[in-house]
Amino acid sequence: MANWRIGTKLLVLTVPLIAVATLLATWTLHRLNAERLQEKLKGRAQSIANQVMADRQYYGAVVVPRVSELQGSLGADYRDVHGRFPLPATFVREVSEQIARSGDGYITRLISPWPINKEMGPNDAFETDGFASLAHSPGDPFVRTDTVEGRSVIRVLMADVASSTSCVSCHNAHPQSPKRDFHLYDVMGGLEVIIPMDQYLAESRQDMAMALGGGLVLCFLVLGIVSIGTQWTVTRPLAHIAERMAQFMRQQPDEQVSAQTPALPRGDEAAYLAQSFSKMASVIRSQQTALQEANVSLEQRVQERTAELRRTTAEKERIGSELRIASEIQKSILPRTFPPFPDRADFEIYATTIPALEMGGDFYDFFLIDDKRLGVVIADVSGKGVPAAIFMAVSRSLLKATALASVSPSACLEHVNRLLCPDNDSAMFVTVFYGILHTESGELEFSNGGHNVPYIIGHDRIVPVGQPAGTALGIVDDARYHTNRMSINAGETLVLYTDGVTEAMDTHGSLFSTPRFEQTLQRLVDQRPFDLLTRLVEDVHAFASGAVQADDITLLALQYRRPALIELTLVNRSSELQRLASELERFAQNHRIPEPDIHAFSLSLDELVTNTIAYGYDDQGPHEIRVRLTLANGRLSAEVEDDGRPFNPLTAPQPDLTSAVEDRPVGGLGIHLVRSLMDHVDYRRESGKNHLMMRKQLSTVAQPKTKAGNHGDH
Amino acid sequence: MEITERKVGKVCVVGLNGRLDSGTSDSLAQRLHQLIDGGERHLVIDGGTLDYISSTGLRVLLVAAKRLKAVEGKIVLSSLKPHILEVFEIAGFKSIFPIYATADQAAQQSSG
């Protein structure tokens with residue numbers, strides 16, 4: 001069925017439907033007809049009964065009294081007895097028999113359960129049932145279809161009521177009457193009308209057959225017309241459209257679609273559909289063509305863009321990798337190995353820089369100018385990125401080179417400024433803080449060229465290092481800078497920073513700010529430089545909470561520690577040597593100095609002081625001999641200072657160490673022992689005093705160097 | 001500085017206890033001169049408990065050695081602690097003084 005055409009499907013669905021509907025209609029009509037016929041015949045029976053009753057009434061009311069007046073009698077046997085008249089019932093019966101014989105089609109019978117004439121008693125089930133029903137409700141005729149002598153009939157039984165006193169008296173008086181107590185209006189019997197139905201039924205069936213036949217013919221006629229109409233208006237146009245569509249699908253995109261609309265009935269939906277299809281097809285075709293053209297050009301453009309992108313990407317990668325290399329070079333310019341001076345216990349330093357871009361403009365630096373002076377620098381070049389980085393590299397090199405040769409921080413800044421100004425076409429500048437820590441005293445000499453004021457932090461204080469001062473370097477070539485001094489106590493830390501710290505922004509644009517920076521420092525006074533800066537940076541990052549870093553963040557922390565030392569002032573007496581020896585013993589124990597090393601110092605100092613006491617003075621008066629011992633991470637240094645006559649023991653000749661005992665000179669071994677036991681011995685005469693300096697690396701394994709790197713590496 | 005003496009045959013073993021420096025050298029020097037003057041020709045300096053020696057101490061030993069050498073006597077050392085031994089080495093005294101591990105060994109060698 002799925003493959004049947006629409007017309008076939010319509011027929012298959014419609015024909016059974018019509019047949020069933022026709023049958024149903026015919027059957028219903030037939031039922032209605034039968035009912036109506038019964039009703040009609042019942043009415044007719046009633047009319048007939050009324051007629052008969054009226055006749056009998058008339059007979060009873062008019063004829064019977066006249067018969068009585070004329071002294072006549074009444075009886076069923078009126079034919080046999082002269083002067084006798086038929087009874088009303090006889091009259092009725094005989095008239096009925098005549099009608100029945102006339103073939104008019106109906107029979108009337110006057111019957112009674114109490115018949116005077118025995119023939120007129122009830123003699124079948126209908127009549128018996130009829131009287132039973134009438135006894136109950138005399139007003140309702142008893143009706144039933146029945147078959148009498150092979151014919152279909154309708155039988156109606158109506159009550160015969162005693163309508164006049166003559167009827168009552170006659171029956172009550174009649175010798176053959178089985179009942180003699182009738183009263184007026186009693187049911188005395190009934191009139192039965194029998195009308196044959198078969199004739200009517202046959203007519204009705206004939207009508208039905210005709211109706212059915214006509215209906216079916218009409219239906220098929222309509223069906224035929226509709227079917228043909230459908231073929232013309234729906235099926236064929238649809239088939240045509242289907243054909244066109246199939247053709248359209250087979251067609252190559254560039255073939256022209258026939259613009260001709262086929263001959264179809266104009267104006268209806270199918271025609272409209274066909275036209276719409278034609279339009280649609282041509283629209284699709286033109287769109288397809290446009291799409292193909294667009295595809296071609298798109299593909300071309302994609303190829304072009306891809307090539308361009310590849311070129312750009314390669315370029316970007318090249319620039320990116322150069323930037324990375326440059327960034328690495330820039331980072332490597334700055335000292336990144338921590339601790340940078342592992343043998344120095346008198347200070348600890350850590351620094352970090354986190355550039356906002358690959359290349360930063362901030363830098364820090366630190367360097368030992370000599371044994372007792374540590375230079376620290378922090379600087380911020382204006383701008384960011386590559387230009388700042390180049391300017392930074394230049395500034396940093398100039399600063400370090402100049403610092404190592406300068407007498408003071410301010411002189412250093414002035415010199416570098418003069419060097420930076422003349423060729424500074426790009427009008428860049430750099431703010432610089434440069435400080436020199438005197439490691440023995442903790443004194444800090446510093447000069448500020450427009451940089452953020454650093455802090456000295458400790459348990460007792462957090463103080464700014466000087467006032468905001470000076471002009472950034474690279475702007476005015478004759479700018480003046482000043483050197484100021486502050487003291488850093490043992491345990492305190494100098495914190496240098498750039499404005500990338502205090503001006504770090506969170507996502508709402510608020511600044512980390514100087515007060516917050518100071519609070520953070522307050523919280524971290526106990527920390528050693530590495531931890532201090534690590535936590536500071538963590539705090540700044542936590543504050544920024546993911547906001548883009550706008551500026552380089554650079555920090556340097558320098559913790560100053562009082563060097564481990566003893567200072568002894570001895571008088572020029574031999575007994576003082578014992579004190580020196582026991583002080584050294586104690587010092588060695590306190591600082592866990594290995595036995596051979598303290599022995600070397602003990603012996604060396606003994607030799608020197610003994611020498612001085614014995615030979616150093618021209619007079620006999622008391623003199624002071626100062627001995628200072630300094631332990632700085634793994635290295636022990638000693639200095640002996642006396643005001644004796646100038647004597648440089650290092651000029652003493654090498655003693656004879658090989659001659660035989662008899663030739664071996666006595667003496668001159670003391671200085672030799674000192675020089676042999678120490679790594680380095682130095683002498684200077686200063687302010688009328690002899691200074692003998694010596695030092696020795698302790699024999700324990702030196703602390704391993706750690707490369708802490710800087711945060712910028714993360 | 002404590003100085004002890006004991007005779008092992010013809011050898012005199014001199015035990016030094018403590019520091020031999022400019023404060024104590026003189027007493028050792030006197031003692032050694034007394035022993036040499038008293039006829040001792042074979043001396044063993046037992047350094048088992050010697051904690052310290054300075055160039056003054058070395059000088060005393062060298063002077064004693066020179067005297068004994070002149071009278072064909074001999075001075076040897078024993079039981080020196082490592083840092084004392086180092087000083088002897090630096091001072092070039094190992095070529096002058098035979099040094100033994102124990103005093104008895106030194107006494108045996110010295111008398112032989």
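Each chain gets a letter, A, B and so on, in the order its sequence line appears, and its residues count up from 1. What you see is a predicted model; the values in this text were computed from it and never measured.
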Atom CZ of A/Arg528: over 12 foreign heavy atoms under 6.0 Å: no
More than 12 heavy atoms from other groups under 6.0 Å of NZ on B/Lys81: yes
Other residues, nucleotides, ligands: >12 heavy atoms within 6.0 Å of A/Glu662 CD: yes
Atom CD of A/Gln620 with >12 non-hydrogen neighbours under 6.0 angstrom: no
Segment of B/Leu58 engaging chain A (4.5 angstrom heavy-atom cut-off): side chain
Among the listed options B/Phe97, B/Tyr52, B/Phe93, the residue most often paired with chain A at heavy-atom distances under 4.5 Å: B/Tyr52
Residue pair A/Ser659 / B/Ile96: nearest heavy atoms and the distance that separates them: O-CG1, 4.3 Å
Heavy-atom neighbours of B/Arg19 CZ exceed 12 at 6.0 Å: yes
Largest heavy-atom contact set with chain B, pairs under 4.5 Å, which of A/Val661, A/Leu673, A/Asp663: A/Val661
Atom group of A/Ser575 that falls short of 4.5 Å from chain B, counting heavy atoms: neither
Pairwise distance CD1(A/Ile613) to OG(B/Ser22) - rounded to 0.5 angstrom: 7.0 Å
Contact summary for A/Asp606 and B/Ser54, nearest pair of heavy atoms: OD2-CB, 3.7 Å
Region of B/Arg67 in contact with chain A, defined by heavy-atom distances below 4.5 Å: neither
Side chain / backbone / both / neither for B/Lys66 at chain A, heavy atoms under 4.5 Å: both
Which atom of B/Leu62 lies closest to which atom of A/Pro665, heavy atoms considered: CD2-O, 3.6 Å
Chain B contact via A/Leu577 - side chain, backbone, both or neither, heavy atoms under 4.5 Å: side chain
Under 3.5 Å: donor-acceptor pair, side chain of A/His672, backbone of B/Ile90: yes
Donor + acceptor pair across side chains of A/Arg664, B/Ser95 (<3.5 Å): yes
Part of A/Glu607 within contact of chain B (heavy atom distance under 4.5 Å): side chain
Contact winner vs chain A - B/His83, B/Lys94, B/Glu86, heavy-atom pairs under 4.5 Å: B/His83
Heavy atoms from other residues, nucleotides or ligands near CZ of A/Arg685 exceed 12 (cutoff 6.0 Å): yes
